Amino acid sequence: MLCLIACVLVSYNTFANVCRDVVVLVHGNTASPSSWNNTYNLLLSNGYSSSEIYRPNWGSKSCAACNNHNGSEETPVRQAIVSALANSCTGKIDVIGHSMGATLAAQQISKLGVASSVDTFVGIAGAFRGLWTCGAYPFNVWSSTCGYYGLSIQSPFLDSLFGEPLGDKVYSIKSNIDQVVCATGVCSVGGVHSSRIWNESASYTYTLGHFGLQSDTATQQYNLIN
């Protein structure tokens with residue numbers, strides 16, 4: 001019996017003291033940290049503690065057209081990445097972003113110059129090459145979300161981000177029926193799906209909507225960072 005108890009304690013302590021990358025989950029435009037509940041709960045069930053998962057809460061929740069990649073929207077994401085790095089026993093972090101949260105997370109990695117400290121970056125339903133619903137900059141730009149710091153095709157923000165390193169391994173998760181990225185019926189920009197990321201390690205396509213790509217791919221997300 002003593003041997004059994006000792007074995008259980010050893011197994012528990014080994015499980016509890018695993019050193020792994022801290023994870024940062026960045027939600028999309030007008031969403032909240034709870035939009036990551038499926039991913040968050042899966043991580044917890046696989047041994048992560050809540051202190052190893054950062055879910056920054058950014059942006060207006062009532063005005064989607066008001067949010068962009070400049071100013072107050074940046075601060076919570078930047079602080080989460082800095083704190084995650086400071087508290088990672090491996091010295092590395094994994095970053096997963098959904099929709100506008102993917103481009104916002106990418107921007108902060110670039111601005112902070114910490115791509116070499118990101119083990120895995122996963123962009124889910126991001127508009128890394130812009131949204132046709134926003135038009136092509138500077139024409140038909142009708143909101144802050146689509147403006148200079150927004151997601152219009154060839155916006156100064158997107159042009160400045162393009163090609164920047166985002167991590168050791170970079171993955172995109174996308175759909176051809178995404179109600180946001182493919183809202184006009186066209187998902188691609190310059191012949192490339194807008195959710196694809198430059199220099200990515202792999203891209204995964206699902207038959208899911210914009211929000212299902214976040215909530216229903218938790219297992220894939222987990223596998224990509226482990």
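Just so it is clear, the model here is predicted, and its values are computed rather than measured.
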Participant: If we ignore hydrogens and angles and just use 3.5 Å, is the side chain of T217 paired with the main-chain N or O of L213 as donor and acceptor?
Facilitator: yes
Participant: Other hydrophobic cluster members with V141, side-chain heavy atoms of Ile/Leu/Val/Met/Phe/Trp/Tyr under 4.5 Å, chained?
Facilitator: Y137, Y148, Y149
Participant: Apply salt bridge (Lys or Arg N to Asp or Glu O under 4.0 Å) to K61 and list each qualifying residue two or more places apart in sequence or on a separate chain.
Facilitator: none
Participant: Is there side-chain contact between F121 and K169, with at least one heavy-atom pair below 4.5 Å?
Facilitator: no
Participant: Quick one: are T39 and L25 in side-chain contact, heavy atoms under 4.5 Å?
Facilitator: yes
Participant: Return the set of residues passing ring pair (Phe, Tyr, Trp, His ring centres under 6.0 Å) with F157 (not counting sequence neighbours), or none when no residue passes.
Facilitator: H69
Participant: Taking only residues two or more places apart in sequence, or in another chain, which ones meet Y206 in a side-chain hydrogen bond (donor to acceptor under 3.5 Å, both in side chains)?
Facilitator: Q220
Participant: State whether the side chain of N29 and the backbone N or O of A64 hold a donor-acceptor pair below 3.5 Å, judged by distance alone.
Facilitator: yes
Participant: Can you confirm whether Y204 is buried at OH, in the sense that more than 12 heavy atoms of other residues, nucleotides or ligands lie under 6.0 Å from that atom?
Facilitator: yes
Participant: Which atom pairs, one a donor and one an acceptor, fall under 3.5 Å between side chains of residues 179-190 and the rest of the protein, sequence neighbours left out?
Facilitator:
residue	atom	partner	partner atom	Å
Q179	OE1	H210	N	2.6
T184	OG1	V186	N	3.4

Participant: How many angstroms lie between CG in L158 and CG in L131, if you round to the nearest 0.5 Å?
Facilitator: 8.5 Å
Participant: Looking at CG of N223 and OH of Y171, how far apart are the two atoms once the value is rounded to the nearest 0.5 Å?
Facilitator: 10.5 Å
Participant: What residues, two or more places apart in sequence or in another chain, satisfy side-chain hydrogen bond (donor to acceptor under 3.5 Å, both in side chains) together with S50?
Facilitator: none
Participant: If you look at every heavy atom in G97 and A102, which pair is closest and at what distance?
Facilitator: O-CB, 3.5 Å
Participant: Quick one: CD1 on I197 to NZ on K174, what's the gap to the nearest 0.5 Å?
Facilitator: 10.5 Å
Participant: Under 4.5 Å between any side-chain heavy atoms of V118 and L166, yes or no?
Facilitator: no
Participant: Under 3.5 Å, is there a donor-acceptor pair between the side chain of S110 and the main chain of A106?
Facilitator: no
Participant: Please check: side-chain N/O of N38 versus main-chain N/O of S215, any donor-acceptor pairing under 3.5 Å?
Facilitator: yes
Participant: Please give me the minimum heavy-atom distance between S60 and C63, naming the atom from each residue.
Facilitator: OG-N, 3.0 Å
Participant: Got a second to check how far D168's CG is from T120's OG1, nearest 0.5 Å?
Facilitator: 7.5 Å
Participant: Please tell me if the side chains of V26 and I96 come closer than 4.5 Å, counting only heavy atoms from C-beta onward.
Facilitator: no
Participant: Quick check: does any side chain N or O of S160 sit under 3.5 Å from a backbone N or O of P156, one acting as donor and the other as acceptor?
Facilitator: yes
Participant: With no hydrogens and no angle check, just 3.5 Å: does a side-chain donor-acceptor pair link N68 and T145?
Facilitator: no
Participant: So, for C134 and S152, which heavy atoms are closest and what is the spacing to 0.1 Å?
Facilitator: CB-CA, 3.5 Å
Participant: Would a hydrophobic clustering, with Ile, Leu, Val, Met, Phe, Trp and Tyr connected at side-chain separations under 4.5 Å, put I173 with V170?
Facilitator: no
Participant: Can you pull out every disulfide bond (SG atoms under 2.5 Å apart) where at least one residue sits in residues 77-114? Sequence neighbours excluded, please.
Facilitator: C19-C89
Participant: If we ignore hydrogens and angles and just use 3.5 Å, is the side chain of S88 paired with the main-chain N or O of D21 as donor and acceptor?
Facilitator: no
Participant: Any sub-3.5 Å donor-acceptor pair from Q214's side-chain atoms to F211's backbone N or O?
Facilitator: no
Participant: Are any of the side-chain heavy atoms of I93 and V23 separated by less than 4.5 Å?
Facilitator: no
Participant: Could you check if a side-chain atom of N226 sits within less than 4.5 angstrom of a side-chain atom of Y48, using non-hydrogen atoms only?
Facilitator: yes
Participant: So do the side chains of I177 and L208 get within less than 4.5 Å of each other, counting heavy atoms only?
Facilitator: no
Participant: Enumerate the disulfide bond (SG atoms under 2.5 Å apart) contacts for residues 195-226, please, sequence neighbours excluded, ordered by first and then second residue.
Facilitator: none
Participant: I need the full list of side chain to side chain donor-acceptor pair (under 3.5 Å) pairs touching residues 191-201, with sequence neighbours left out, sorted by first then second residue.
Facilitator: S172-E200, R196-E200
Participant: Between N57 and P76, is any pair of side-chain heavy atoms under 4.5 Å apart?
Facilitator: no
Participant: Please work out which of the three classes, parallel, tilted or perpendicular, describes the rings of W58 and H27, given edges at 30° and 60°.
Facilitator: parallel
Participant: Return the OG to CD1 distance between S99 and I124, rounded to the nearest 0.5 Å.
Facilitator: 10.5 Å
Participant: Counting distance only, does the side-chain N/O of S45 pair as donor-acceptor with the main-chain N or O of L42 below 3.5 Å?
Facilitator: yes
Participant: Checking D216 now: which residues fulfil salt bridge (Lys or Arg N to Asp or Glu O under 4.0 Å) with it, not counting sequence neighbours?
Facilitator: none
Participant: With sequence neighbours excluded, tell me which residues meet side-chain contact (heavy atoms from CB on, under 4.5 Å) with L112.
Facilitator: R78, I81, V82, V114
Participant: Partners of E52 by salt bridge (Lys or Arg N to Asp or Glu O under 4.0 Å), sequence neighbours excluded?
Facilitator: R20
Participant: What distance separates D94 CG from Q221 CD, expressed to the nearest 0.5 Å?
Facilitator: 11.5 Å
